[in-house]
Q: 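Input: one structure, supplied below.
All residue numbers in this chain count up from 1 along the given sequence.
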Amino acid sequence: MADPKTRAQLAGGMTATDSWLRKHRLIYTEATRHPFVLTIRDGTVDLSAFRIWLEQECEFLRSFAAFVASVLVKAWKESDDRADEEVILGSLASLNDEFAWFKKEALKRDINLTEIVPQKATVGYSRFLESLMRPEVEYTVAITALWGIEAVYHESFAYCSEEGTKTPLELREACGRWGNEGFGKYCNRLKEIADRRLEMGSGEVSKKAEVGLLRVLEYEVGFWNMIRPPPHRTAPVVGGV
């Protein structure tokens, strides 16, 4: 079962993931309110930077799809609730549409998808996801990481989709893909699954899941920094696997 500290948090109405978001609020804010995200929201974004994001996201998406498929396998083997598989299957189904959207955007911007060179941050993030696909990595750890990845994108792009923002017209569709209410509900469902698994798991697994979430946030910040480094700061180096 969960360690005494986690049980105490749950008893007080705070889930494990809630407590981690509070504990690691600084880096979570870095990931969801990055300067690149802020420039989209206030309309000052450099469209060449958005092009870099589009190119690198196309590369990353291939690794992400493989990771989501591996989470489905882990759910099939380890989950205590078959409904988990339906949520993850829904994610895989939506990825097919996502691939199509990126191809359309690449064509619109004259991007040759076969000539994209993955940058260091993209390669590192992809290798991290590959490490989570190993058989010995627990389902609880993997589903927590999946929630973290999706939650960062939802909160970032939902922030750019709020009423009154100056997000450029040509980027509103992109923001709407991850910032919409339906995607938010999907993220909440992942969060519920992660919290249920954390509540029933051991303290050791909980620690692994927390470390995994922190790695996700570090890589998310590194990915944004690759596109637009924050002013007057050196982009943090994200360690390899």
Q: Please determine whether the number of non-hydrogen atoms from other residues, nucleotides or ligands lying under 6.0 Å from atom NZ of Lys166 exceeds 12.
A: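 No, not enclosed.
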Q: Could you tell me whether Arg109 atom CZ has more than 12 heavy atoms of other residues or ligands within 6.0 Å of it?
A: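 Enclosed.
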Q: Who pairs with Arg51 by salt bridge (charged side-chain N to carboxylate O under 4.0 Å, His left out), at least two apart in sequence or on another chain?
A: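 So Arg51 forms a salt bridge (charged side-chain N to carboxylate O under 4.0 Å, His left out) with Glu55.
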Q: Parallel, tilted or perpendicular, judged at 30° and 60°: which one describes the rings of Tyr125 and Phe223?
A: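 Ring orientation, 0 to 90° scale: perpendicular.
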Q: Only distances under 3.5 Å count here; give the side-chain donor-acceptor pairs of residues 136-143 to other protein atoms, sequence neighbours excluded, each with its distance to 0.1 Å.
A:
| unit_1 | atom_1 | unit_2 | atom_2 | d |
| --- | --- | --- | --- | --- |
| Glu138 | OE2 | Lys208 | NZ | 3.0 |
| Tyr139 | OH | Asp84 | OD2 | 2.8 |
| Thr140 | OG1 | Arg197 | NE | 3.2 |

Q: For residues 60-74, which residue pairs qualify under side chain to side chain donor-acceptor pair (under 3.5 Å), counting only residues two or more places apart or in two chains?
A: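 Residue pairs with at least one partner in residues 60-74: Ser63-Ser126.
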Q: Is Asp110 atom CG crowded by more than 12 heavy atoms from other residues, nucleotides or ligands, each under 6.0 Å away?
A: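 Result for CG/Asp110: open.
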Q: Please check if the distance between the ring centroids of Trp178 and Tyr159 is under 6.0 Å.
A: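 Not close enough - the centres of the two rings lie 6.0 Å or further apart.
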Q: Looking only at side chains, do His24 and Glu210 share a donor and an acceptor under 3.5 Å apart?
A: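 Side-chain D/A pair, His24 to Glu210: present.
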Q: Side chains of Thr114 and Asn112: is there a donor and an acceptor less than 3.5 Å apart?
A: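 There is such a pair between these side chains.
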Q: Under a 4.0 Å threshold between the charged nitrogen and the carboxylate oxygen, would Arg189 count as salt-bridged to Glu192?
A: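 Yes.
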Q: When rounded to the nearest 0.5 angstrom, what distance separates OH in Tyr186 from CD1 in Ile88?
A: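 Here the rounded value is 8.0 Å.
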Q: Return yes when atom CH2 of Trp101 has more than 12 non-hydrogen atoms of other residues, nucleotides or ligands closer than 6.0 Å, and no otherwise.
A: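 Yes, CH2 of Trp101 has more than 12 neighbouring heavy atoms, counting only those of other groups under 6.0 Å.
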Q: Do Arg177 and Phe157 form a cation-pi contact, if we require the NZ or CZ to be under 6.0 Å from the six-membered ring centre and within 45 degrees of the ring's axis?
A: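 Here Arg177 fails the 6.0 Å and 45° test against Phe157.
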Q: Salt bridge check: are Asp195 and Lys191 linked by an N-O gap of less than 4.0 Å?
A: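 Salt bridge flag = yes for Lys191 with Asp195.
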Q: Please give me the minimum heavy-atom distance between Cys175 and Ser161, naming the atom from each residue.
A: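 Shortest heavy-atom contact: CB-OG, 3.4 Å.
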Q: Counting only heavy atoms not in Lys108, do more than 12 fall under 6.0 Å of its NZ?
A: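 Yes - once you tally the heavy atoms of other residues, nucleotides and ligands closer than 6.0 Å, there are more than 12.
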Q: May I ask you to check whether Phe99 and Phe102 place their ring centres under 6.0 Å from each other?
A: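 For Phe102 and Phe99, the ring centres are not under 6.0 Å apart.
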Q: Flag yes if more than 12 heavy atoms outside Glu130 fall under 6.0 Å of its CD atom; otherwise flag no.
A: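 It does not: Glu130 CD has 12 such atoms or fewer within range.
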